[in-house]
*Asks:* 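Mind looking over this structure? Questions follow.
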Amino acid sequence: MLNTNGRTAYDENHALFRDQVRKFFDARLTPNLERWEEEGIVDRQFWRDCGEAGLLCPTMPEAYGGLGLDFGYNAVVGEELAWSGSSAGITLQSDIVADYILHYGSEEQKRQWLPGMISGEVVTAIAMTEPGAGSDLQGVKTSARKDGNHYVVNGSKTYITNGQNADLIIVVARTDPEAGAKGISLILVEANREGFARGRNLDKIGQHSADTSELFFNDVRVPITNCLGEEGRGFAYLMNQLPQERLSIAVGAQAAAQRAFDEALAFVKERKAFGRTVFDFQNTRFVLADLASKLQVGWAHLDWAIRRHVAGELTAVEASAAKLWHTDLQGEVCDAALQLHGGAGYMNEYPIARLWRDARVSRIYGGTNEIMKEVIGRSL
């Protein structure tokens, strides 16, 4: 169980909510986790169960079926999900996609999509990355050409979380090929549109239960009203939402790092070598002491960042720094924790193996950590 003693980002209501989340994951997630890892996708019923339990999009207003809570509740779900060892894409829906629709969508779009996203009946994705454009979003080539009162969308996307399950995709597309960043728009594409096709569920190093897909758009016609916000403002919208997206990644990274540490500590106290437990060796205690110190600092920083974000004060640079630091910490802790397991750490039957595999991508998605350094460096 994730130890939350001394946390400063949360109050008693968050604690009660966390208790509900833990009980729900114990009952509905943990028993299915290995099967989802093998099948490469999470059941749609799990999404509906999450919705019924109030775990999806808790910050959305009550007018659309949400709970109208602060981001701290999203962070609780993110921490508990990551600590459980799951890579289910529910935080993408709650922490990223829902806010795009709430902040930039028309009233009609909000009423059409948010209730289903909150209930789990609708699964969403956001399609940014292309085969030739990753962290550089200005390089997208997917186009949305106007044709009367429709857009005609053409192009392909890859590495899209929730790609197999998604009913609705926010597509980052170029509506004006000559306007650079000002020619990028966000277009809502329903998965049942003619010309839309899902590619394969990609075979990844880790995060096996997260369906990550190629998406193809071949003359997909959508109404002009499917533009999210103003045409040509897509790049600005993406930049505006980066603090929460990168904070969300930092939240999951810190909790996963803690779980890796907890697994290593329990293992070395049980495992015997040369007539004593592995924990009794000074090197083991020193490694764990170093990691424990860094985790302590990490939780304090994460609470600071969550409080700032809830207050509307977290900057894009601060969020980039959080993403950089916590994901680097996740990699360090997971690697050291696996090493402390010895040969057992390389066996998939031990949770540390999955935690180690799943950790690697956190330094890549949401903007690579090299991009985070560039963002921070430009602000100096």
Side-chain angles (χ1 to χ4, degrees), residues 40-41 87-93 95-101 123-144 153-175 177 180-181 183-189 191 196-218 220 228 234-250 252-253 316 319-320 323-324 327 358-375:
I41 195 167
S87 55
I90 60 173
T91 52
L92 175 86
Q93 179 141 316
D95 298 0
I96 301 174
V97 178
D99 276 78
Y100 276 98
I101 294 176
V123 175
T124 59
I126 183 164
M128 301 184 195
T129 304
E130 298 180 0
S135 295
D136 179 15
L137 293 174
Q138 294 189 56
V140 299
K141 291 185 168 55
T142 297
S143 63
V153 182
N154 280 285
S156 62
K157 300 288 184 177
T158 193
Y159 312 145
I160 307 305
T161 301
N162 294 344
Q164 294 292 313
N165 265 333
D167 305 296
L168 178 73
I169 303 104
I170 299 178
V171 179
V172 180
R174 190 166 289 286
T175 46
I184 292 173
S185 303
L186 305 183
I187 310 296
L188 296 174
V189 176
F196 169 75
R198 308 178 204 269
R200 58 204 169 99
N201 193 358
L202 297 168
D203 184 12
K204 307 185 295 296
I205 290 174
Q207 297 201 346
H208 293 155
S209 57
D211 52 309
T212 307
S213 309
E214 301 168 312
L215 303 178
F216 300 101
F217 307 86
N218 183 22
V220 180
L228 191 63
F235 189 77
Y237 297 156
L238 291 166
M239 295 303 103
N240 290 344
Q241 295 304 115
L242 282 177
Q244 183 159 302
E245 177 181 352
R246 289 174 178 166
L247 177 58
S248 175
I249 294 170
S320 296
K323 194 266 187 187
L324 170 66
T327 58
D358 290 357
R360 189 59 188 87
V361 75
S362 68
R363 285 174 275 167
I364 297 172
Y365 61 24
T368 65
N369 280 12
E370 290 73 22
I371 294 294
M372 299 304 99
K373 291 177 183 178
E374 185 66 22
V375 171

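In what follows, every heavy atom counts, from backbone to side chain, and hydrogens, waters and symmetry copies are set aside. Since the model is a prediction, treat every value here as computed from it, not as a measurement.
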*Asks:* Within the structure provided, determine whether M128 and V140 are in side-chain contact (heavy-atom separation under 4.5 Å).
*Replies:*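 Of all side-chain heavy-atom pairs linking V140 with M128, none is under 4.5 Å.
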
*Asks:* Dump the intermediate steps for side-chain hydrogen bond (donor to acceptor under 3.5 Å, both in side chains) on E130 and T142, then the final yes or no.
*Replies:* CA-CA 8 Å; E130 298 180 0; T142 297; 2.8 Å; yes

*Asks:* Could you pull out the closest heavy-atom pair between I187 and A173, with the gap in Å?
*Replies:* CG1-CB, 4.3 Å

*Asks:* With heavy-atom distances below 4.5 Å as the criterion, would you say the side chains of L188 and I170 are in contact?
*Replies:*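 The answer is yes, as the side chains (C-beta and beyond) meet within the 4.5 Å cut-off.
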
*Asks:* Rounded to the nearest 0.5 Å, what separation is found between the CG atom of N369 and the OG atom of S320?
*Replies:*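 If we round to the nearest 0.5 Å, N369:CG and S320:OG are 9.5 Å apart.
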
*Asks:* Report the distance from atom CD of Q207 to atom OG of S362, rounding to the nearest 0.5 Å.
*Replies:*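 That separation rounds to 8.0 Å.
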
*Asks:* Run the ring-centre check on F196 versus F217 and record whether the distance is less than 6.0 Å.
*Replies:* yes

*Asks:* Between L238 and Y100, which heavy-atom pair has the shortest distance, and what is it?
*Replies:* CD2-OH, 3.3 Å

*Asks:* State, with a plain yes or no, whether a side-chain heavy atom of L324 is found less than 4.5 Å away from one of V375.
*Replies:* no

*Asks:* How close do G163 and L215 get, heavy atom to heavy atom, and via which atoms?
*Replies:* O-CD2, 3.9 Å

*Asks:* Look only at the side chain of K323 and the backbone of A250, and say whether a donor-acceptor pair between them is shorter than 3.5 Å.
*Replies:*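 Flag not set: sc K323 to bb A250 has no pair under 3.5 Å.
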
*Asks:* Looking at every heavy atom in both A127 and I169, which two are closest together, and how far apart are they?
*Replies:* CB-CG2, 3.6 Å

*Asks:* Which atom pair, heavy atoms only, marks the closest approach of L92 to A125?
*Replies:* CD2-CA, 4.1 Å

*Asks:* Answer yes or no: is there a donor N or O on one side and an acceptor on the other, between the side chain of N162 and the main chain of T124, under 3.5 Å?
*Replies:* yes

*Asks:* Kindly determine whether T327 and R363 satisfy side-chain hydrogen bond (donor to acceptor under 3.5 Å, both in side chains), including the steps that lead there.
*Replies:* CA-CA 6 Å; T327 58; R363 285 174 275 167; 5.8 Å; no

*Asks:* Tell me if a side-chain donor or acceptor on D211 pairs with a main-chain N or O of Q164 at a distance below 3.5 Å.
*Replies:*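 Side chain of D211 to backbone of Q164: a pair is present.
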
*Asks:* Do P131 and S156 have side chains that approach each other closer than 4.5 Å (heavy atoms only, starting at C-beta)?
*Replies:*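 Side chain of P131 against side chain of S156, heavy atoms only: contact under 4.5 Å found.
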
*Asks:* Just jot down the side-chain hydrogen bond (donor to acceptor under 3.5 Å, both in side chains) partners of T161, sequence neighbours excluded, or say none.
*Replies:* none

*Asks:* Below 4.5 Å, heavy atoms only, C-beta onward: do R174 and K141 meet side chain to side chain?
*Replies:* no

*Asks:* Specify the closest pair of heavy atoms between S213 and L202, including all atoms of both residues, with the distance to one decimal.
*Replies:* C-CD1, 4.0 Å

*Asks:* Got a donor-acceptor contact below 3.5 angstrom from the K204 side chain to the V361 backbone?
*Replies:*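 No, because the side chain of K204 does not come within donor-acceptor range (under 3.5 Å) of the backbone of V361.
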
*Asks:* Could you tell me whether a side-chain N or O of R246 sits under 3.5 Å from a main-chain N or O of G367, the two making a donor and an acceptor?
*Replies:*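 It does not hold such a pair.
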
*Asks:* Find the distance between CD1 (I249) and CD1 (I364) and round it off to the nearest 0.5 Å.
*Replies:* 11.5 Å

*Asks:* How far does CD of E245 sit from CG of N240, to the nearest 0.5 angstrom?
*Replies:* 12.5 Å

*Asks:* Rounded to the nearest 0.5 Å, what's the gap from NZ on K157 to CD1 on I126? Could you check?
*Replies:*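 One gets 9.5 Å once the value is rounded to the nearest 0.5 Å.
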
*Asks:* Does N201 reach the main-chain N or O of T212 with its side chain, forming a donor-acceptor pair under 3.5 Å?
*Replies:*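 Indeed, once roles are kept as given, a pair shorter than 3.5 Å links the two residues.
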
*Asks:* Would you say that V171 contacts L186 through its side chain, given a criterion of any heavy-atom pair below 4.5 Å between the two side chains?
*Replies:* no

*Asks:* Do V123 and Q93 touch side chain to side chain, with heavy atoms closer than 4.5 Å?
*Replies:*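 Of all side-chain heavy-atom pairs linking Q93 with V123, at least one is under 4.5 Å.
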
*Asks:* Could you go through Q244 and D99, starting from their C-alpha distance and side-chain angles, then the distance that decides it, and tell me whether this counts as side-chain hydrogen bond (donor to acceptor under 3.5 Å, both in side chains)?
*Replies:* CA-CA 9 Å; Q244 183 159 302; D99 276 78; 3.1 Å; yes

*Asks:* Is any side-chain heavy atom of F235 closer than 4.5 Å to one of V172?
*Replies:*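 The answer is no, as the side chains (C-beta and beyond) never meet within the 4.5 Å cut-off.
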
